[in-house]
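Heads up, the thing below is written out as structure tokens.
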Amino acid sequence: MATHTDVVSTPKLAPDLAEPGMLGPRPTATHGVWSWLTTIDHKRIGIMYAVAALFFIVLGGIEALLMRVQLAVPNNNFIVGDLFNQMFTMHGTTMIFLGVMPLTSAFFNYVVPLQIGARDVAFPRLNAFSLWVFIAGAVFINMSWFLGGAPNGAWVGYPPITSVQFNVGHNSDFWAIGLITLGVASVAASLNFFTTIVNMRAPGMTLMRMPVFVWMTIITNVLILLAFPPITIALLQLIMDRTFGAAFFDYNKGGMPIMWQHWFWVFGHPEVYILILPPMGIVSEILPTFSRKPLFGYPLIVFSGAFIGFMGFAVWSHHMFTTGMGVVAVLAFSVTTSIIAVPTGVKIFNWLGTIWGGNLRMETPMLYALSFIAMFSIGGFSGIMHSAAATDFQQHDTYFIVAHFHYVLIGGAISGLLGGICYWYPKVTGRILGEKLGVPAFWLFFFGFNATFFPMHIVGLNGMPRRIYTYDSAMGFDKWNLFISASAFVLAFSFLLFFINMYWSYKHGEIAGNDPWDGRTLEWSIPSPPPVYNFAVTPTVTHLDDFWHKKQTGQAAPESDGQLIHMPLPSYYPLISGVGMFIMSMGMVYLRDHLVVATVASVIGFLVLLFSIYGWAMEGPGAEYLDPNKKTGAYN
Amino acid sequence: MNAMRMIQVAFITVFLVGLYLVSLVWPGAMNGPMSIMEVNGPVAQEQATVFWYTVAVSSFLLVTVGGVFLYAIFRFRAKPGQDFKVPEQTHGSAAVEIGLIVASCVLLLVIAVPNARALFYVSEVPAERKQEAIKVVAIGHQWWWEFQYPDLGITTANELHIPIGKPIDIEVRSADVLHAFWVPRLAGKIDAIPGQINRMWMEATDPGKYQGQCTEYCGDSHANMRFLVMAQKAEDFDGWVRNEKKDGVKPKTIEEVNGHRVFMSGCNACHTVKGSGAMGTKGPDLSHFGSRTTLGSGIYVSNKDNLTNWIKFPKQMKPGNLMNLESVNMVVGDKDVKDLVAYLESLK
């Protein structure tokens with residue numbers, strides 16, 4: 001897959017391959033599998049994140065469909081008991097940690113350096129490390145399907161159901177250790193993007209000239225940085241409980257099960273914003289471009305994003321209204337939760353302000369962005385409904401909640417992300433994502449989604465609890481459930497069409513050129529797909545929506561001045577660290593059963609990780625010098 | 001914008017808003033046994049009232065924001081053949097922003113006030129009614145409910161009898177993992193957490209059977225952890241209490257005597273039948289099993305066939321079932337099962 005214009009590194013200035021102390025040769029593959037496995041190019045890493053994330057979204061979707069088959073009719077026997085519990089646990093875990101988060105990461109990777117006028121992220125090899133550790137963690141969690149059963153403690157993993165007394169197998173070990181592995185990847189990536197955005201913006205791009213997507217990226221990554229430590233601590237405590245008989249969450253030994261819920265939701269609520277802020281950023285890019293107007297109230301959109309992120313740490317207990325916290329605590333969290341509606345509303349109002357008076361082009365990215373606003377708003381309204389704790393006592397853990405968060409996460413996050421794929425697909429592949437198939441796929445998505453999830457409000461208000469694998473026909477849930485299950489397949493089919501369209505357009509799509517949408521931000525000023533170094537000449541920024549401003553005032557993008565461009569070299573070590581993490585995790589799972597063997601395996605994995613970090617440190621980034629004026633051959 | 005387009009916009013707006021409202025109040029759509037919209041007690045009523053406040057606010061937002069949104073889409077979309085000109089590059093308006101923020105805060109207050117009032121009301125039995133309250137301890141087990149009446153000295157399972165018109169003061173506990181006690185038509189839920197005592201209250205205004213279900217995920221048979229609340233007139237309730245206080249019926253027929261013998265060869269390790277010598281506490285109290293209408297925590301009708309299958313194939317009847325004869329080393333033939341069923345059914 002050609003993802004960048006090939007360029008030659010000049011013979012005079014050959015790559016700096018050798019560094020004193022290097023443990024082995026550097027990778028030299030320029031094409032094929034090895035070039036992808038060793039790449040440190042943020043664009044290629046972004047593509048790999050996207051491919052992996054879409055794969056896991058399909059996997060999580062299949063799990064959802066299997067559940068829908070079971071729930072289609074009352075007292076069904078298709079998937080019952082523990083297997084159903086594994087399905088919904090893995091559906092939630094997969095969609096959140098292996099689907100939506102990596103897909104947002106794909107956008108961070110591909111788009112952020114282009115939007116801030118940088119040639120790569122701050123730490124390119126750390127970026128590859130994040131990718132491979134994510135893949136290691138994702139594969140690791142899913143290995144559990146073949147090794148005695150997948151996690152079955154729900155995506156929230158509340159002890160005691162995940163404690164060893166009630167979960168004798170290794171299901172929850174895979175879950176806890178896998179999530180820690182994924183957390184390592186996320187935290188490394190968040191440090192990387194934070195540093196990139198703070199340090200590597202093009203000259204003149206002040207903070208308030210950054211595109212909103214970049215703003216949402218930096219806020220999201222601060223949230224990741226602050227939210228993952230609590231969950232990591234909690235997961236370690238759970239592993240201690242399970243493996244070494246500690247008592248953090250074991251009531252019989254003096255622990256407190258409720259502590260887990262606080263730990264989890266101090267992470268879990270910001271996590272929700274980690275999932276939704278990047279799509280909000282994407283939508284904030286698409287709307288101005290397709291309205292041909294600047295974003296209405298740019299500073300307010302930025303500040304309300306930051307405020308949402310901040311408030312995200314002050315509302316966690318609204319997931320715990322029914323745990324008996326006491327009426328004052330419940331009321332306090334009820335109030336803080338409803339306050340979140342204000343900055344969220346501000347964003348929606350400003351998006352409306354953006355399209356108001358514009359010249360709206362209804363192409364697929366815009367359709368998805370508009371559907372984001374509509375469906376995210378509906379999810380927001382049901383959110384206001386739950387924030388009233390008195391009535392949440394009824395709605396909690398019913399399908400009303402399931403409907404709410406799918407409106408926010410599919411209607412919101414996935415809608416925004418699909419819009420982002422349509423929007424930046426021409427930049428990534430050089431071809432437009434076809435409208436002929438794209439528009440029907442969108443409408444199928446829109447109606448399939450609403451037909452699947454809107455009725456869940458109704459069955460929820462009719463009292464259907466979530467996480468149940470069966471229900472009685474006398475409860476009045478059956479007709480709607482059959483309808484929901486049928487609609488779920490329509491929704492799934494729309495994704496199939498979307499993927500077919502992606503494949504077809506990659507082969508036969510219309511050639512996009514640099515700037516197919518009449519874009520406003522820097523990524524549209526460079527070729528599609530961008531060359532490996534992104535910008536032949538680092539742009540100088542003078543305005544918000546700088547590229548639009550330059551086009552309107554007739555300033556051309558500067559030509560290359562012949563200066564050679566310094567780029568870092570690929571490396572084996574990030575991939576090897578991922579392998580090390582995988583082996584180490586595998587060993588840790590079995591510590592309870594075979595102490596010696598498992599310890600040896602863990603130590604081997606750790607040594608592989610240590611070796612790769614050592615080799616990585618000794619190797620140095622290296623350098624190659626690329627000449628933007630010579631466009632033959634390839635190196636990278 | 002021409003008239004045709006205006007009609008389109010109006011049509012779609014009405015359709016979407018109508019869909020939303022109609023589905024919320026669709027007659028018959030939400031009146032099932034576990035409805036939280038059609039309720040039978042003051043606590044659930046209070047919660048439903050707050051719900052309607054939230055419906056009012058969110059419907060208002062849906063109509064206004066949704067209306068503006070749809071209008072903007074139709075009004076400002078690029079029309080085919082239209083001459084393109086760059087629209088005015090407006091960047092925002094402080095007055096509009098501040099106005100909208102203030103308006104949002106005011107709207108939230110519309111919900112916040114009734115919510116706060118309702119929260120205090122639903123959290124505890126009102127002080128002036130504490131005297132007449134019936135105390136109940138509800139204990140969640142994997143996967144059934146134990147109900148104790150500490151003031152009456154009764155222990156039962158899966159069918160909670162209450163008198164109508166009296167507040168029921170409930171203490172919710174757990175014996176193993178998390179559960180949640182929920183009877184939607186009577187009151188919102190509260191979690192059962194090991195090592196913690198949670199409280200809630202409810203009251204039924206009409207006699208009847210109210211469906212309850214565990215709503216906090218608790219393992220294999222979470223879906224099968226149901227129960228019934230039998231709200232009765234005061235005299236019926238008193239009659240039930242008198243019967244419950246008695247010992248289990250002594251076996252009379254030959255079958256029942258043999259059934260009792262089988263029961264005492266293993267079942268007694270987990271189950272209690274008052275006065276029979278069986279004093280196990282792991283499983284439900286069976287002293288008056290024959291008077292219950294359901295079996296297996298509200299998932300089967302209690303009858304001979306279901307009970308026979310329950311004893312012979314417990315794991316098929318309920319995934320993960322902790323009730324099984326292997327765990328107490330019981331081996332029983334068909335004749336013994338038949339007698340055991342006869343004995344259990346005699347325990348009225």
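In what follows, every chain begins at residue 1, and chains take the letters A, B, ... in the order their sequences are listed. No experiment lies behind these values; they were computed from the predicted model shown.
Closest heavy-atom contact between A:Ala388 and B:Val50: CB-CG1, 3.9 Å. Minimum heavy-atom separation, A:Met475 to B:Pro33: O-CD, 3.6 Å. Taking both residues in full, the closest heavy atoms of A:Phe381 and B:Ser58 are given as CB-CB, 3.6 Å, listed atom of the first, atom of the second, then distance. When all heavy atoms of B:Ala223 and A:Ile468 are compared, the pair lying nearest together is CB-CB, 3.5 Å. Between B:Pro87 and A:Arg292, the shortest heavy-atom distance links the atoms CG-O, 3.2 Å.
In this structure, B:Met37 CE and A:Ile458 CD1 are separated by 10.0 Å, a value rounded to the nearest 0.5 Å.
At a 4.5 Å heavy-atom cutoff, the contact between A:Pro294 and chain B is made by backbone and side-chain atoms alike. For chain B, the nearby parts of A:Leu331 are the backbone and the side chain; heavy atoms of each come within less than 4.5 Å. Contact annotation for A:Phe321: neither backbone nor side-chain heavy atoms come within less than 4.5 Å of a heavy atom of chain B. The part of A:Pro159 that comes within reach of chain B is its backbone (N, CA, C, O), which places non-hydrogen atoms under 4.5 angstrom from that chain. Heavy atoms closer than 4.5 Å to chain B are found nowhere in A:Ser163, neither backbone nor side chain. Of the atoms belonging to A:Ser334, it is side-chain heavy atoms, and not backbone ones, that fall under 4.5 Å from chain B. Only the side chain of A:Leu352 has a heavy atom closer than 4.5 Å to any heavy atom of chain B. If you measure heavy-atom distances from A:Gln261 to chain B, the contacts under 4.5 Å come from the side chain alone. Only the side chain of A:Met362 has a heavy atom closer than 4.5 Å to any heavy atom of chain B. If you measure heavy-atom distances from A:Leu83 to chain B, you find no contacts under 4.5 Å at all. For a residue to count as touching a neighbouring chain, one of its non-hydrogen atoms must lie under 4.5 Å from one of that chain's; by this rule A:Phe393 touches chain B with backbone and side chain alike. For A:Thr354, no part sits under 4.5 Å from any heavy atom of chain B, backbone or side chain.
Evaluation of the side chain to side chain donor-acceptor pair (under 3.5 Å) test over residues 95-109 of chain B, restricted to residues two or more places apart or in two chains, returns A:Asn350-B:Glu97.
Inspection of the A:Tyr469 and B:Asn224 side chains reveals an N or O donor paired with an N or O acceptor under 3.5 Å. Defined by atom type and a distance below 3.5 Å, a donor-acceptor pair is missing between the side-chain atoms of B:Asp191 and A:Thr323.
Ranked by heavy-atom pairs shorter than 4.5 Å toward chain B, the options A:Arg466, A:Gln395, A:Met366, A:Met320 are led by A:Gln395. Ranked by heavy-atom pairs under 4.5 Å with chain B, the first of A:Gly358, A:Gly353, A:Gly345 is A:Gly358. Between chain B and the options A:Met464, A:His396, A:Met256, heavy-atom pairs under 4.5 Å are most frequent for A:His396.
When ring centroids are compared, A:Trp356 and B:Tyr71 come within the 6.0 Å threshold.
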_side chain to side chain contact (heavy atoms under 4.5 Å, CB included) for A:Asn85 and B:Tyr217? Distances and angles first, verdict last._
CA-CA 9 Å; A:Asn85 298 341; B:Tyr217 171 60; 3.2 Å; yes
*Step by step, would you call A:Ser338 with B:Leu108 a side chain to side chain contact (heavy atoms under 4.5 Å, CB included)?*
CA-CA 7 Å; A:Ser338 65; B:Leu108 290 175; 4.2 Å; yes
*Test side chain to side chain contact (heavy atoms under 4.5 Å, CB included) on A:Asn359 and B:Phe76 and set out the steps.*
CA-CA 6 Å; A:Asn359 184 276; B:Phe76 298 111; over 6 Å; no
*With side chain to side chain contact (heavy atoms under 4.5 Å, CB included) as the test, would you mind laying out the steps for A:Asp472 and B:Arg226 before giving the verdict?*
CA-CA 10 Å; A:Asp472 195 75; B:Arg226 305 175 201 159; 3.7 Å; yes
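Side chain of B:Asp220 to main chain of A:Gly81: no donor-acceptor pair is present (N/O by atom type, distance under 3.5 Å, no hydrogens or angles).
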